[in-house]
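Everything numeric here is computed off the predicted structure, so don't read it as measured data.
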Amino acid sequence: DIVMTQSPLSLPVTPGEPASISCRSSQTLLHSNGYNYLDWYLQKPGQSPQLLIFLGSSRASGVPDRFIGAGSGTAFTLNISRVEAEDVGVYYCMQALQSPRAFGPGTKVDFK
Amino acid sequence: VQLAESGGGLVKPGGSLRLTCVASGLTFSDFYMSWIRQAPGKGLEWVSYISTSGDSTQYADSVKGRFTISRDNAQNSLYLQMNSLEAEDTAIYFCARDRRPKAYLGMGVWGRGTSVTVSS
């Protein structure tokens, strides 16, 4: 089974500043079709998770362009160009290449 | 587009429960569907998914042999039959709209979840 790790697990941020979260998988998530089967989800306090990024770097509908997914193979990054107040919550990466799917442990983002 | 889960509650260890997820505002039969759970204060755990026709299913090791996912496309409904429940199954259970058969677009729609508590 593929194991996902994230760092850091806690990320204090300053509004207006950039932020970055790392996600690594125990096996490559690169499919033969050229896509990386890696998603990013955000769970805001008291809410259900919401999709931010799919296939490594594709932004979901309605997601602001300050969210940028990058990486390939086993190493991925979610970058937020300028953190806004509404971005606080727990960010999860998830591999969708093979079953069983697996989430990372989550990175809690809040303000300093 | 909306997903609404129901069927959660308090059940004794070893008991059973059937969760339901009703979809509206989307062509339900066009999408795989998934169940994901979140234990109190913990992270997300993928549980199961089912293909558009229901002929293909996958499960997490932690629930394999105890949980069964199914769907009724005529009723726009997704189900999770949970048997032999254990305390470790206590969680909020979310349903989510998953991939199309020929395109992966992430789990783009989630319900609000239904709470399952396994305790004597």
- side chain to side chain donor-acceptor pair (under 3.5 Å) between B/Thr20 and B/Glu5: does it pass, once the steps are laid out? CA-CA 6 Å; B/Thr20 298; B/Glu5 304 93 337; over 6 Å; no

- Query: What do you reckon, is OH of A/Tyr35 surrounded by more than 12 foreign heavy atoms closer than 6.0 Å?
  - Reply: no

- Task: Please state whether the side chain, the backbone, both or neither of B/Lys42 comes within less than 4.5 Å of a heavy atom of chain A.
- Result: backbone

- Query: Could you walk me through whether A/Thr77 and A/Asn79 pass the side chain to side chain donor-acceptor pair (under 3.5 Å) check?
  - Reply: CA-CA 6 Å; A/Thr77 303; A/Asn79 293 300; 5.3 Å; no

- Hey, can you tell me if A/Tyr92 and A/Phe103 have their rings parallel, tilted or perpendicular (30° and 60° cut-offs)? perpendicular

- Message: Could you check whether B/Glu86 pairs with B/Lys12 (Lys NZ or Arg NE/NH1/NH2 to Asp/Glu carboxylate O, under 4.0 Å)?
- Response: no

- Query: Taking everything shown except A/Arg24 itself, do over 12 heavy atoms lie less than 6.0 Å from its CZ?
  - Reply: no

- Task: Flag the one option from B/Asp61, B/Val47, B/Leu105 with the top tally of heavy-atom pairs under 4.5 Å to chain A.
- Result: B/Leu105

- Checking heavy atoms, do the side chain of B/Tyr104, its backbone, both or neither come under 4.5 Å from chain A? both

- Query: Is the shortest side-chain N to carboxylate O distance from A/Arg66 to A/Glu84 below 4.0 Å?
  - Reply: yes

- Counting a contact as any heavy-atom pair under 4.5 Å apart, which residues of residues 29-40 of chain B contact chain A? B/Ser34, B/Ile36, B/Gln38

- For chain A, which residues of residues 111-120 of chain B have at least one non-hydrogen atom nearer than 4.5 Å to it? B/Gly111, B/Arg112

- For A/Thr107 and A/Gln6, does a side-chain donor sit closer than 3.5 Å to a side-chain acceptor? yes

- Message: Between B/Asn83 and B/Gln81, is there a side-chain donor-acceptor contact under 3.5 Å, judged purely by atom types and distance?
- Response: yes

- Message: Closer than 4.0 angstrom, basic N to acidic O: yes or no for B/Asp98 and A/Arg101?
- Response: yes

- B/Trp110 and A/Tyr41: aromatic ring centres closer than 6.0 Å? yes

- Task: Tell me, for A/Asp1 versus chain B, whether the close heavy atoms (under 4.5 Å) come from the side chain, the backbone, both or neither.
- Result: side chain

